[in-house]
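Single-structure report; data block below.
Here is how names work: the chains are called A, B, and so on, in the same order as the sequence lines, proteins then strands, and each is numbered from 1. The structure displayed is predicted, hence computed values, not measured ones.
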2 protein chains.
Amino acid sequence: MSTSAFPLSPHNHQACMRETLAEAEALAATRGERLTPLRRRVLEIVLESHRPVGAYDVLGALARDGARPAPPTVYRALDFLRAQGFVHRIDSRNAFVACFAPAKAHRCHFLLCRRCGRAAEILDAALDQALAETARQAGFAAERETVEIAGLCADCREDASAGVGAA
Amino acid sequence: MSTSAFPLSPHNHQACMRETLAEAEALAATRGERLTPLRRRVLEIVLESHRPVGAYDVLGALARDGARPAPPTVYRALDFLRAQGFVHRIDSRNAFVACFAPAKAHRCHFLLCRRCGRAAEILDAALDQALAETARQAGFAAERETVEIAGLCADCREDASAGVGAA
DNA sequence: GCCGGAATGTTATGTTATAACAGCATCATG
DNA sequence: CATGATGCTGTTATAACATAACATTCCGGC
């Protein structure tokens, strides 16, 4: 019954990934940018969950593919994907999460569940407005924002209270 | 003429430091916590500017004092100071900044100027409210927030436009 | 003096990220 | 086809940030 920004827990993630990947490919083509096999593979790896993954986790996944790239290879691919808005960085975790709506221009604000580990992108006009107003009042020219709210998502709150005892 | 959250540029920083340090000492005493010489010295080092400093910068400063502590010493002191609210962590920079109002309970939201490097703490009820409302709508139980807005502070905007040409 | 807990010291290592340069692929153009 | 420009990837090395695990010391209360 929650109006959660998180994906429904048992959603069809295969379809979710496939569609997002297709969207990224279309966007890259439109922009004349090259979503090379390596970049595409890195994006797939990050898309595999709705949880932030570390650069070295990506490195590990590539290693399991058989390639044995060094860190710069991964960081370069991630830099490209970030520049395209296909992936966002979670500063409070030194990790990266896929964007599941790369076509929409948006600010990158997140909810991070400490229990299930999922990251949800927030799209909230009132919050955007409040941030803009805060900067304006200080005479500050905002260029980039890091907004990450950590806590418990709706699903995990329910599970936790169910686990403790009375519903 | 800006209502800047940043300190006035040529403020009396000696007094600023001294007062904040005294406030921290009083708070620690009240709480029965021990602001030892090491912790106090680390706090002084972080207080020396309104810019975030890295843990290894602190380490360097301690080394110049003559002590040669290893990283855990610095991280432990910083952990203590953070727990007391005397220092905050800037996630987007892996760095630490002093709190100049440690007695006031507050959420830790920052403006970060990319030109002068200063960090300003934001105290904005409307922003707090918007963040709370965003979480509430998602059924999310917020526990900690990282809010860091990077850009140009009012002083640096003026300098930059002055530098370019017409005032 | 002695004990217990907190603080600090010490050693080693884990984790995240980038600099610098080499090699190779792709493609437009002569 | 040769050529050179550009951009992508590979490789080596190292920088920057952070913590685990255990030893020692400090300090107050008894």
[X] [atom1] to [N] [atom2], straight-line distance once rounded to whole Å:
X       : N      : atom1 : atom2 : value
B:Leu78 : C:dA7  : CG    : P     : 15 Å
A:Leu35 : D:dG7  : CG    : P     : 17 Å
A:Asp65 : D:dG10 : CG    : P     : 12 Å
A:Ile90 : C:dT15 : CD1   : P     : 20 Å
B:Asp91 : C:dT16 : CG    : P     : 14 Å
B:Asp79 : C:dA6  : CG    : C1'   : 15 Å
A:Leu38 : D:dG10 : CG    : P     : 6 Å
B:Asp57 : D:dA16 : CG    : P     : 10 Å

Exercise for the section: Select one nucleotide: of C:dT11, D:dT9, C:dA7, the one nearest the side-chain heavy atoms of B:Ala70. Expected result: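 That would be C:dT11.
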
Completion exercise
Ranking C:dT8, D:dA20, D:dT11 by distance to the side chain of B:Thr36, first place goes to C:dT8

Practice task
Would you tell me if any nitrogen or oxygen in the side chain of B:Arg34 comes within less than 4.0 Å of OP1 or OP2 on D:dC27?
Solution key: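 For D:dC27, OP1/OP2 do not have a side-chain N/O of B:Arg34 under 4.0 Å.
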
Handout entry: Phosphate OP1/OP2 of C:dT8 contacted by B:Arg39 side-chain N/O (<4.0 Å)
Key = yes

Problem - Residue closer to the 5' end of DNA chain C, B:Thr73 versus B:Asn94 (nearest nucleotide) - result: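 Mapping each residue to its closest nucleotide by heavy atoms, the 5'-most match is B:Thr73.
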
Practice task
Apply the test side-chain hydrogen bond (donor to acceptor under 3.5 Å, both in side chains) to residues A:Glu133 and A:Gln137: give CA-CA distance (whole Å), side-chain angles for both, the deciding distance (0.1 Å), then the verdict.
Solution key: CA-CA 6 Å; A:Glu133 180 58 17; A:Gln137 278 173 25; 3.2 Å; yes

Handout entry: Whether B:Arg157 side chain and A:Gly139 backbone form a donor-acceptor pair below 3.5 Å
Key = yes

Practice task
Identify whether a stacking contact exists between A:Tyr75 and C:dT18, where the ring centres must be under 5.5 Å apart and the planes under 30° apart.
Solution key: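 No, A:Tyr75 does not stack on the base of C:dT18.
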
Exercise for the section: Treat each ILVMFWY residue as a node, draw an edge where side-chain heavy atoms are under 4.5 Å apart, and state whether A:Phe96 and A:Tyr56 are in one component. Expected result: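 Yes.
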
Practice task
For B:Arg93 and for A:Ala67, locate the closest nucleotide of DNA chain D by heavy-atom distance; then report the residue assigned to the nucleotide nearer the 5' terminus.
Solution key: A:Ala67

Handout entry: DNA chain D: 5'-proximal contact among A:Pro71 and B:Tyr56 (nearest heavy atom)
Key = A:Pro71

Problem - Distance (rounded to the nearest 0.5 Å) between A:Ile122 CD1 and A:Ile149 CD1 - result: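 It comes to 4.5 Å.
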
Practice task
Kindly indicate whether the side chain of B:Arg76 and the base of C:dG9 share any N or O donor-acceptor pair separated by less than 3.5 Å?
Solution key: yes

Handout entry: Minimum heavy-atom distance B:Cys16-B:His50, with the two atoms named
Key =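 Of all heavy-atom pairs spanning B:Cys16 and B:His50, the closest is SG-NE2, 3.8 Å.
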
